[in-house]
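What follows is a single structure, written as structure tokens, with notes after it.
Below, read A as the first sequence line, B as the second, and so on, with proteins coming before strands; counting in each chain starts at 1.
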There are 2 protein chains.
Amino acid sequence: MNIADQTFPAIDGANEDRAQAIRDQLRDAIVDRRLAPGTKLSEGEVGTLFDVSRTVARAALQMLSFEGLVRTERNRGAFVANPSPEEARQVFASRRLIEPGIAIAAAGRMTSADVAAFKTQLEEEGRFIAERGPTARRSEIKASGDFHLLLASVAGNVILQRFMEELVARSSLVIALYGRSGISSCGHNEHLQILEALEAGNASRASALMLHHIDHIEADLDLRVRSGPALRQALEF
Amino acid sequence: MNIADQTFPAIDGANEDRAQAIRDQLRDAIVDRRLAPGTKLSEGEVGTLFDVSRTVARAALQMLSFEGLVRTERNRGAFVANPSPEEARQVFASRRLIEPGIAIAAAGRMTSADVAAFKTQLEEEGRFIAERGPTARRSEIKASGDFHLLLASVAGNVILQRFMEELVARSSLVIALYGRSGISSCGHNEHLQILEALEAGNASRASALMLHHIDHIEADLDLRVRSGPALRQALEF
DNA sequence: TTGGAAAAGATTGCATACGATTTCTGCCGA
DNA sequence: TCGGCAGAAATCGTATGCAATCTTTTCCAA
């Protein structure tokens, strides 16, 4: 039993797909790093934990594998993804391409309700930064991602929104793996600046700020290969 | 029996995932419009056609639903997607954001082998345009998409490559639904120009050409709602 | 004829069963 | 002690069965 350090809250009695609910909980667990990269997620174990059959557990794992959060090997099972530095770079390259455009789109569509949502979001983000300890750090990473997801939802393009969901989730994994813990609070300031630009309807400024913001996030990573890459790959670790 | 106008070729005896093979064939059929938008894809039917159990058929349909090519409704089944004009606009908005960047990345990485691949690709594309008839038109749409996919593979970012696979497939659906059949041959010329710019290593020109190219593709669509939108949506057609 | 309710049929959601493949374990010989 | 081989255990891939849900048909009354 590898996952079961943490009991997952029971699935709410929605008539919605149970597989989807399981996927969401697993995704949160992965993004929060309660499930470490490389952890095996066996169908049976997941099924038992969530009290469903392997069929449903399997469907949830398949979804996560499409999102790149889980890697599946035939006849071997599913494992929490362990993105390589190269993969990490590609994640951020993708974000550099997409997010400035999202910022522009969002700048033209912000309502006052959106602004309010951003403000509560950023307040919460600030709280987590003030706190110390690994739990707060996890919540901080998650909250920081939520800012970007909120922006994507305001932009009003559901396709890009889904892309961003994937990219943000993978970024969280990458940050957890390669982040230098120090500088993350400056990201919060940048979020505030971006919101300012959005509120002012200054699309190009919001876009430029976003681009810098992504650069800063990536610059905070240590993407050098740590031990010998051959060994690392051989161990898949 | 709705699908069975066309027998699918038997799945090759690969040890690879059968669900994936089925997904690929169904995707081709959807993109080629052998399967019309709105067509029901029942698990049992798909399973029978490909000689697998419903379990495997279901997995294939789930994959297609993630890609947006199939829409699934709980307890009702899976249907070939029928993108709305709004969805169509979002597909092209996404492409406008991503593909110019892909062109830039590709411009810096083109090898002579890549150039050769592009040339054979464009030759084939030209052949289909010369031909007449609905079959050639299908092949033309597909070949045109393949150009963009080839570009994405040269760009060397597997995440963006996957995004493009989805976007190109959905574009093919959209073009089949909303395309005015006339002007498509000009797209071929634009492909040729883009290749020229890529070959010359002129990234910014390739990027600009790509942006115009996407605009032209979208401009060739008739995205006005055809009959009363209420009726159309009620009939899901 | 039309409206509507009830039964029949079809299809999905999910659980379970079984063979195939992989991984683990214990034993033996070098 | 170490390598490796055979059997056991675990895990996956897939088929199938049953209940729940949706759709269609049938039938009856207005």
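Atom CZ in A:Arg58 sits roughly 17 Å away from atom P in C:dG13 (whole-Å rounding). Distance, B:Arg54 CZ to C:dG13 P: 8 Å, rounded to whole Å. Whole-Å rounding puts the A:Glu73 CD to D:dA10 P distance at 21 Å. In this structure, the CG atom of A:Asp51 is 10 Å from the P atom of C:dT16, given to the nearest Å. For the pair A:Asn75 CG and D:dG13 P, the computed distance is 5 Å after rounding to whole Å. One interatomic measurement links the two molecules: CZ of A:Arg74 to P of C:dT21, which rounds to 9 Å at whole-angstrom precision. In this structure, A:Phe79 atom CZ and C:dT23 atom C1' are separated by 11 Å, rounded to whole Å. Put simply, CD on A:Glu43 is 13 Å from C1' on C:dT21, counting in whole angstrom units.
Between B:Glu45 and B:Lys40, none of the side-chain N atoms (NZ, or NE/NH1/NH2) sits under 4.0 Å from a carboxylate O, so this pair counts as no salt bridge.
With hydrogens and angles left out, the side chain of A:Thr55 and the base of C:dT16 share a donor-acceptor pair within 3.5 Å.
Between B:Arg76 and D:dT21, a side-chain N or O to OP1/OP2 separation shorter than 4.0 Å is absent. Applying the 4.0 Å criterion to OP1 and OP2 of D:dA15, one finds that B:Arg18 has a side-chain N or O inside that range.
Set against C:dA15, D:dT23, D:dA15, the side chain of A:Ser53 has C:dA15 as its closest nucleotide.
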